[in-house]
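Notes follow once the structure below has been shown.
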Amino acid sequence: MQRHTRLVFASTLLLAGIAAGAIAQAQEPKRGGVLRMYQRDNPPSASIHEGATFSVNAPFMSVYNNLVRYDTTKAEDTLDTVIPDLATKWSWSADNKALTFTLAPGVKWHDGKPFTSADVKCTMDLVQGKAQDRLRTNPRKSLYDNVLEVVPNGPLEVTFKLGRPQPSLLALLASGYSPMYPCHVSAAQMRTNPIGTGPFKLAEFKQNEIIRLVRNPDYFKPGRPYLDGIELPIITNRSTAMLAFIAGKLDLTFPTEVTQQVYKDLMAQVPNAVCHMGPVNVSTNLIVNRDKPPFDNADLRRAMALTLDRKAFNTIIAEGQAKIGTTMLPKPEGDWGMPEAMMQTIVGYGPDVAKNRAEARKLMEKNGYGPDKRLAVKISTRNIAAYRDPAVILIDHLKEIYIDGELDIVETGVWFGKVARKDYSVGLNLTGNSIDDPDQSFFENYSCNSQRNVTGYCNPELEKQFVAQSQETDIVKRRAMVWEIDRQLQEDVARPIILHNSSGTCWHPEVVGFRPARNSSYNRYRFENVWLNR
Amino acid sequence: MGAYLVRRFGLMLLTLFGISVIIFALLRIVPGNIVDILFDSAGMVDPAEKARIARDLGIDLPLPQQYVAWVSGIARGDLGFSYVSEKPALAEILPRIPITAKLAGLALTFSVLIGVPLGVISAVRQNSWIDYALRVLSLSGLSLPSFWLGLLILTAFVTWTDSMPIYSDRPESLWDTLLLYSVPAAAVGFRSSALVMRLTRSSMLEVLRQDYIRTARAKGASRQSVNYRHALRNALLPVVTVIGIEAAFLIGGLIVTETVFNIPGVARFLVEAIRARDYPIVQNLVMLIAVVVVLVNFIVDMLYAALDPRIKYSG
Amino acid sequence: MAGGTYQAELSRAGAGATGVWGQALFFVRSYPLGAIGAVIMAIFVLAAIFADVITAQSPLTTSARNSLAAPGGTFWMGADFMGRDVYARIVYGARISLAVGIGSTTLGCLIGVSVGLASGYLGGWFDLIVQRVMDIMQALPLLVLALVFAAALGPSLPNTIISIAIPLVPSVARVIRSNTLALRELAFVEAAQAIGMSEWRLAIRHILPNTVAPLIVLATAQLGSTILTEASLSFLGLGVPEPFPSWGRMLSESAAEYMRSAPWLVIFPGVAISLAVFGTNLLGDALRDILDPRQRG
């Protein structure tokens with residue numbers, strides 16, 4: 001009951017905030033001022049194409065432009081909210097296998113050189129690994145496997161030729177992960193001294209100290225940006241950062257860093273702060289090494305899926321505010337979340353935890369385990385609270401089914417290498433999705449040859465369905481296909497999703513025009529329409 | 001004296017050489033290297049690319065070759081490149097030195113200003129209630145972890161002033177600067193002052209037991225005059241050496257305090273660099289710390305030798 | 001100082017105090033601070049030994065219902081974010097702190113004693129090289145050296161013990177070496193040599209026992225700093241990993257996050273660290289006064 005009240009309270013506040021924003025919006029935007037946000041960690045580089053965390057997008061997205069972007073005045077980032085950025089318009093060919101963009105004229109890179117269709121080709125070649133120059137790391141290469149060729153037609157037009165129809169390509173290109181890079185600047189320079197076309201230029205990047213962005217006076221969108229600059233001191237201790245926000249030293253928190261608990265504290269201290277709380281499209285999940293004993297045994301994997309008490313995870317980690325769902329972000333925020341009734345039928349999702357666990361114990365007993373013969377397992381996880389906390393709860397739940405888990409804390413620097421080598425038995429993992437789209441999610445995390453597929457789950461039959469849904473242009477049919485794939489992934493215990501995290505971003509009411517999406521945390525950091533009302 | 005200086009200087013160089021070897025060797029047995037870190041930060045890279053990254057960073061070379069490259073680089077003032085920022089390590093380290101130096105200077109001042117007078121009082125009034133109280137105070141000072149003290153100060157600061165010092169390299173006013181440094185400096189300095197107080201007290205007691213003090217007392221010099229004109233002057237000499245000990249002690253405190261207060265000095269940078277497996281930064285920072293500690297101790301030794309007429313050095 | 005053992009000193013100073021109780025009483029009267037330290041240490045040691053008897057909750061059991069429960073009732077020191085009992089974690093944390101404190105002090109002393117004895121007794125080139133290595137190690141602050149070792153070895157309980165033990169070696173080795181040098185010149189050693197006792201036997205039978213007093217003083221003094229170093233390492237995330245409840249780690253990250261909404265998460269572990277270190281320091285001071293009168297304050 002109390003929780004319910006809080007939820008209503010939170011939504012009311014959000015509405016009030018948006019209403020206040022709307023009133024302010026009605027007023028003429030003010031030019032000038034420096035937006036003070038903070039950065040939660042030292043970003044690995046300024047090159048977004050080499051990044052796989054929004055620790056790179058948030059500070060540097062405003063240095064660049066995309067071909068297309070998401071409309072930041074809308075609630076969600078979906079195919080329907082894609083609007084022009086560098087491309088003024090776009091069109092699909094009749095067979096849906098060619099996508100042509102018309103580019104805005106007179107756009108200049110920060111160093112004064114003109115932006116042309118050649119740069120689009122250079123960027124795509126770089127991401128696809130076809131260019132001479134190489135990205136040091138290239139996490140999203142596999143997303144563009146369907147792009148056969150990028151053909152410039154004159155300086156202001158460019159066509160993407162595809163192997164098969166792929167409506168989601170436009171959504172991928174609109175994500176914060178898809179900026180345009182110049183041909184004439186090396187991939188190495190983009191890491192430290194990036195040249196973009198965006199509304200802000202990188203003025204200073206002091207490691208572990210501060211990132212400073214200044215207004216690009218030659219920005220191609222007239223009158224934009226409103227701000228003179230953005231400052232992001234790097235504050236790794238969240239409580240220090242929140243205190244600075246409370247004290248008014250910061251205008252905006254780092255995205256999604258406001259947990260439910262922090263939110264309560266903030267609201268008590270700065271009641272007029274505007275907060276957006278909700279799903280962030282990052283799921284907490286279990287990765288199970290299905291190639292190595294004992295979990296090469298399907299019974300044991302199933303037993304683990306059955307013992308998860310998702311509600312308990314939710315209560316502790318997010319005060320019940322997180323979403324329980326499958327691979328795709330659940331409704332209503334998610335576009336592809338499966339119906340509740342369908343989800344209830346999946347292994348481990350049934351509401352009766354005691355019954356599930358009884359079934360799990362039977363499976364364990366069938367394989368020779370019991371109260372006197374318990375299974376000892378190492379639970380590997382990354383040395384970050386968001387990973388460690390649920391891992392501790394997981395150990396508690398495994399105790400119920402004769403499994404004694406011991407935490408194996410892995411330093412951030414070693415974590416991915418270890419997981420990629422499959423040097424783990426059971427791991428607790430977080431998976432972020434830049435956009436709410438099945439292509440991104442399925443191909444990146446579950447296709448046989450994707451390097452982001454850390455569990456090594458490989459089901460060629462299902463993969464055919466990945467392709468089938470990808471080229472389906474009828475959204476209703478596609479949705480049904482996606483649900484079926486998602487259900488199958490959960491039944492196979494490919495990577496049991498524990499929950500979809502929920503947290504938030506807060507800002508002082510002077511910040512106008514910033515609005516996080518309900519279904520992604522990766523795409524809304526261009527800041528060209530943000531202004532300060534003071 | 002000259003020969004002693006030369007010998008002592010030679011030893012110092014030898015020590016620094018040894019440190020460089022130990023640090024270099026230690027960092028090479030760290031599990032998980034920078035390539036894995038990049039792997040992680042990006043989510044993934046092509047395994048084939050991994051070798052290329054290693055080559056780009058020069059960490060595929062044989063270890064002795066890497067070591068020689070580093071040490072000869074130091075001689076030329078070239079500290080290599082940070083793996084993380086890809087900027088010259090020197091450019092990353094240099095701007096952080098003044099920040100930590102200011103903090104250390106303030107903390108040292110704080111600790112001497114508080115520690116020496118209290119240490120003297122405690123010695124002069126040995127075994128009185130005030131001596132007991134001060135000894136308990138100094139011991140508790142040594143027992144409080146400085147990061148906890150820092151956290152408590154921060155909490156109190158925010159609760160009472162509704163504001164908090166947050167680091168900025170362009171502080172708005174002198175008051176901001178002072179506030180920024182003095183709060184963490186007090187957190188570090190409190191612990192150090194406890195150390196100074198203890199050392200001052202025991203050195204003062206030692207002096208008070210000396211024959212010439214007894215003689216002065218016997219000759220009828222006033223208690224005040226004996227304590228402050230004769231004893232304190234002589235007791236302060238060993239206190240100079242405290243600064244040598246302090247150098248090492250302060251750095252330990254600064255590491256955690258800079259982390260708590262989010263001050264981008266060299267001490268916090270060391271922790272960040274260790275986490276990121278940024279060898280060029282770590283090895284150079286540890287070297288820098290060693291140089292500072294060794295040099296301070298060298299200077300203190302020289303000062304001591306020059307000031308204390310009782311000590312003769314044969315070389 | 002060389003020949004003084006604890007009991008001998010006590011009975012000499014106690015002038016007539018007889019029996020264990022008499023001596024204890026004398027100790028309390030003449031070293032009240034030391035006695036307080038001893039009591040504090042005894043409490044921590046007992047808490048560590050009987051952790052499972054004096055706590056009702058497990059320090060590891062999470063509970064959704066009790067997340068951030070305020071002190072009082074079942075959780076008289078409150079509960080942390082994951083609903084784990086702070087009191088139980090502090091009591092079990094004493095095990096970790098003492099394990100690291102005693103473990104690394106013992107290990108450091110063992111290595112230091114062997115190195116110091118060998119160095120002082122053998123002399124020559126060996127001594128020279130060992131002294132240079134000790135110089136090198138002493139040039140780095142305890143925490144810096146421990147940090148580098150901890151990072152090199154990876155976070156685990158044994159590695160933390162090793163990381164903290166190694167920086168302790170030089171000071172122990174120094175004291176033992178200088179004592180050995182001094183003792184070598186003494187008459188009873190010469191006498192033993194004259195009757196043909198082997199060098200190693202001599203060192204172990206005669207020289208070692210005579211360095212016990214300064215060693216105890218040094219070890220007690222170091223115990224506090226090892227506990228502090230462990231707390232700092234864990235605070236920085238490079239010490240004892242989860243699920244072991246370590247005081248230092250209780251203070252890092254999540255605790256710091258709730259310093260306003262759940263201050264008990266910051267206060268109690270900090271008090272535990274400070275008290276434990278304070279206890280060892282008080283006791284260490286008193287022991288120094290008793291066993292090493294030259295430094296008596």
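Below, chains carry the letters A, B, ... as their sequence lines are ordered, and counting in each starts from 1.
- Among Leu149(B), Val294(B), Val256(B), Ile22(B), the residue with the largest count of heavy-atom pairs under 4.5 Å with chain C is Val256(B).
- Using a 4.5 Å cut-off between heavy atoms, Pro263(C) does not touch chain B at all.
- Using a 4.5 Å cut-off between heavy atoms, Leu145(C) makes no contact with chain B at all.
- At a 4.5 Å heavy-atom cutoff, the contact between Ser140(B) and chain C is made by backbone and side-chain atoms alike.
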Item to complete: Apply side chain to side chain contact (heavy atoms under 4.5 Å, CB included) to the pair Asn281(C) and Arg198(B), showing each step before the final yes or no.
Response: CA-CA 12 Å; Asn281(C) 283 344; Arg198(B) 278 166 71 83; over 6 Å; no
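- Here the CZ-CG distance, from Phe278(C) to Leu139(B), works out to 6.0 Å after rounding to the nearest 0.5 Å.
- Between chain B and the residues Ser232(C), Ala146(C), Gly248(C), the most heavy-atom pairs under 4.5 angstrom are made by Ser232(C).
- For Leu142(B), the parts lying near chain C are the backbone and the side chain together; criterion is any non-hydrogen pair under 4.5 Å.
- A distance of 10.5 Å separates CG of Asp135(C) from CG of Leu16(B), quoted to the nearest 0.5 Å.
- With a 4.5 angstrom heavy-atom cutoff, Val271(C) touches chain B via backbone and side-chain atoms both.
- Ile273(C) and Pro145(B) get closest at one heavy-atom pair: CG2-CG, 3.6 Å.
- Leu251(C) contributes atom CG, which lies 6.5 Å from atom CG of Leu151(B) (distance to the nearest 0.5 angstrom).
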Fill in: Derivation and outcome, side chain to side chain contact (heavy atoms under 4.5 Å, CB included), residues Gln138(C) and Val293(B)
CA-CA 9 Å; Gln138(C) 280 196 315; Val293(B) 173; over 6 Å; no
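- Of the two parts of Leu250(B), neither the backbone nor the side chain holds a non-hydrogen atom closer than 4.5 Å to a non-hydrogen atom of chain C.
- The residue among Val291(B), Val136(B), Val292(B) with the most heavy atom pairs within less than 4.5 Å of chain C is Val136(B).
- A distance of 11.5 Å separates CH2 in Trp148(B) from CG in Leu228(C), rounded to the nearest 0.5 Å.
- Only the side chain of Arg191(B) comes within less than 4.5 Å of a heavy atom in chain C; its backbone stays farther off.
- In this structure, chain C has a heavy atom under 4.5 Å from the side chain of Ile251(B), while its backbone stays farther away.
- Of the atoms belonging to Val286(B), heavy atoms from both backbone and side chain fall under 4.5 Å from chain C.
- Of all heavy-atom pairs between Ile136(C) and Gly18(B), the closest is CD1-CA, 3.4 Å.
- Contact of Val260(B) with chain C is made through the side chain alone, with heavy-atom distances under 4.5 Å.
- Remark: Leu236(C) CG to Ile274(B) CD1 distance equals 9.0 Å, nearest 0.5 Å.
- When each of Leu143(C), Val144(C), Val148(C) is tested with Leu270(B) by the rule side-chain contact (heavy atoms from CB on, under 4.5 Å), just one qualifies, namely Val144(C).
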